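Convention: sequence-line order gives letters A, B, ...; per-chain numbering from 1. Not measured: the values here are computed from a predicted model.
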Amino acid sequence: MRIPLPTDFSFRECTWFLDRGYDDCMQAVKGKTIFKMIRVDGRALLVRITEEEGFLEAELVPNEDLNTRREEFIRNYIISWLDLERDLRPFYELLLKDKRLAYMCATFGGLRLIGIVDLFEALSWSIIGQQINLTFAFKLKRRLVEKYGERLDFEGEAYYLFPSCEVLAGVTIEELREMQFSRSKAAYLIGLASAFAKGEMSLEMLKGLPDVESRRAVLIALKGIGIWTANYTLMKTLREPSSIPHGDTGLLTALANHAVIKDRSEVEKIERFFKKYKGWESYLVFYLWRSLAGPAA
DNA sequence: CGCCAGGAGTGGA
DNA sequence: TCCACTCATGGC
């Protein structure tokens, strides 16, 4: 199936992010091809994505027939995942006004805010990543996914779906402790899975709320979800354009690198800085995170 | 060895 | 509302 590409889209930048030196088990990048597992109608399907002139080509591997409804689902998934329907030009206009950040338009041009389409996965990943370095966080996620996630083998490689809330709701703290999860991380994760499994939390429910503030409040009411995670999730899954993961250590480092702040306690300065990027705060955060890794090789 | 990492909960002032 | 303390473990 073909998915048309917008202007200001860089396959290279997007795949670079997906394969940015961490061991992420949720997708694989091989050369100029992306492999991604997607749950469609309860079934685990492996999608292969390549770039053609002006569009993305997505196909199932091993090849499999799709009805229109499933095709639409996969199409929408990829559009949401890679944020393909956003016009980045207004964002770049704002960046160009700032001498410190203008270079990003050229260096990271066409980079899309890569999302986490599934809400449960996004929240779980946030909990896993809290207060530990990313290398270790990806390691924890891989252990969890390889033990509890659905697997599909293709051409000698194993691909996984993030574990379902039903499965994780039945896991014990001790099992997760054995995988080096801290006691609190384990408890948060199981509690979260249970809330999803019981239907107390869902993307539909969140989308049904009237505004960002109420969504944030509902998220924070979950054990283990603080302001950082709530904003991270609003940005990565709900696609809130103005969500800032306040207190994020990577964000503070990037702001210091770009001489926006001198030390990490300048909260007001950060607030003033972001005011200039109204409606694009999430993208700015994403690009600042991107900057931490330097230009793509 | 010490500090840090894409934090959060709790309890006390 | 705002600190200080605690959790917990690998990476560097």
Side-chain angles (χ1 to χ4, degrees), chain A residues 16-27 108 111-116 118-119 121-144 146 162 172-195 201 216-240 242-258 260-261 263-268 270-271 273-274 281-294:
Chain A
W16 180 89
F17 175 82
L18 292 172
D19 194 30
R20 74 203 123 118
Y22 292 108
D23 179 32
D24 194 352
C25 55
M26 299 321 298
Q27 70 270 323
F108 310 141
L111 173 65
R112 300 276 153 171
L113 201 169
I114 309 295
I116 301 174
D118 182 75
L119 179 64
E121 179 186 332
L123 289 169
S124 300
W125 172 230
S126 305
I127 289 171
I128 292 170
Q130 286 166 10
Q131 193 54 19
I132 57 175
N133 67 66
L134 274 179
T135 304
F136 182 45
F138 278 105
K139 201 173 278 183
L140 286 181
K141 180 164 79 167
R142 177 173 284 282
R143 288 177 191 156
L144 187 79
E146 288 185 349
F162 193 81
T172 64
I173 291 181
E174 287 66 32
E175 285 176 89
L176 296 182
R177 289 283 293 143
E178 284 171 20
M179 292 188 268
Q180 314 325 120
F181 280 68
S182 69
R183 186 162 297 281
S184 49
K185 256 191 221 307
Y188 297 158
L189 194 54
I190 294 167
L192 179 77
S194 169
M201 176 61 59
R216 193 176 283 126
V218 165
L219 286 171
I220 289 173
L222 294 163
K223 282 278 182 202
I225 307 300
I227 188 70
W228 177 85
T229 304
N231 284 316
Y232 177 85
T233 306
L234 287 169
M235 161 182 162
K236 296 280 277 187
T237 303
L238 278 295
R239 294 290 181 189
E240 281 296 339
S242 301
S243 197
I244 306 167
H246 292 286
D248 181 272
T249 164
L251 175 60
L252 293 172
T253 303
L255 288 173
N257 288 347
H258 290 83
V260 174
I261 54 173
D263 70 79
R264 294 170 159 242
S265 58
E266 298 174 276
V267 179
E268 273 185 34
I270 297 172
E271 220 166 278
F273 171 70
F274 272 105
E281 293 91 332
S282 300
Y283 252 91
L284 181 54
V285 169
F286 193 71
Y287 270 53
L288 285 166
W289 279 339
R290 170 67 185 83
S291 74
L292 292 171

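OP1 or OP2 of B/dA8 lies within a sub-4.0 Å distance of a side-chain N or O belonging to A/T229. At B/dG7, none of the side-chain N or O atoms of A/K223 fall inside 4.0 Å of OP1 or OP2 (strictly under the cut-off). Of the side-chain N and O atoms in A/K185, none sit less than 4.0 angstrom from OP1 or OP2 of C/dT9. One finds no side-chain N or O of A/S182 lying less than 4.0 angstrom from the OP1 or OP2 phosphate oxygen of C/dT9. Phosphate proximity of C/dT6 to A/R183: absent, as no side-chain N or O sits under 4.0 Å from OP1 or OP2. Phosphate proximity of B/dC4 to A/Q131: absent, as no side-chain N or O sits under 4.0 Å from OP1 or OP2.
Counting non-hydrogen atoms under 4.0 angstrom, A/I127 reaches nothing in the nucleic acid. Contacts of A/Y188 with the nucleic acid, taken as non-hydrogen atoms under 4.0 Å apart, involve only primed sugar atoms and P, OP1 or OP2. A/I225 comes within 4.0 angstrom of the backbone, heavy atoms only, and of no base. Among the heavy atoms of the strands lying under 4.0 Å from A/R20 is at least one base atom, whether or not backbone atoms are also near.
Other residues, nucleotides and ligands contribute at most 12 non-hydrogen atoms within 6.0 Å of the CD atom of A/E268.
Minimum interatomic distance between A/W16 and A/A293 (heavy atoms only, all atoms of both residues): CH2-CB, 3.3 Å. Across all non-hydrogen atoms, the minimal contact from A/M235 to A/L113 is CG-CD1, 4.1 Å. The two residues A/T229 and A/S126 have their closest heavy-atom pair at CG2-CB, 3.1 Å.
Residue-to-nucleotide contacts include no donor-acceptor pair under 3.5 Å from the side chain of A/Q130 to the base of B/dA8.
Straight-line distance from the CG atom of A/L140 to the C1' atom of C/dA8: 11 Å, rounded to whole Å. Spacing between atom CD of A/E178 and atom P of C/dT9 amounts to 13 Å, rounded to whole angstrom units. Note: CZ (A/F136) to P (B/dG7) measures 14 Å, nearest angstrom. Rounded to a whole Å, the CZ atom of A/F138 is 13 Å from the C1' atom of B/dA5. Between the CG atom of A/L192 and the C1' atom of B/dG7 there is a distance of 15 Å, rounded to whole Å. In this structure, NZ of A/K139 is placed 18 Å from P of B/dA5, rounded to the nearest angstrom. Counting to the nearest Å, the C1' atom of C/dC12 and the CG atom of A/L134 are 14 Å from each other. C/dT9 atom P lies 11 Å from atom CZ of A/R143, rounded to whole Å.
Two residues, A/H246 and A/I132, neighbour DNA chain B, and the one matched to the more 5' nucleotide by heavy-atom proximity is A/I132. Along DNA chain B, the nucleotide closest to A/L222 and the one closest to A/W289 are compared, and the more 5′ of them pairs with A/W289. Map A/S184 and A/T135 each onto its nearest nucleotide of DNA chain C; the residue landing nearer the 5' end is A/S184.
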Step by step, would you call A/E240 with A/R216 a side chain to side chain contact (heavy atoms under 4.5 Å, CB included)?
CA-CA 11 Å; A/E240 281 296 339; A/R216 193 176 283 126; over 6 Å; no
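Closest to the side chain of A/T253, out of B/dA8, C/dG11, B/dA5, is B/dA5. Residue A/R177 has its side chain nearest to C/dT9 when only C/dT9, B/dA5, B/dA8 are considered. Set against B/dA8, C/dT9, B/dA5, the side chain of A/N133 has B/dA5 as its closest nucleotide.
Cation-pi geometry between A/R290 and A/Y287 is not satisfied (NZ or CZ under 6.0 Å from the ring centre, within 45° of the ring normal).
Rounded to the nearest Å, the gap between the C1' atom of B/dG9 and that of C/dG10 is 22 Å.
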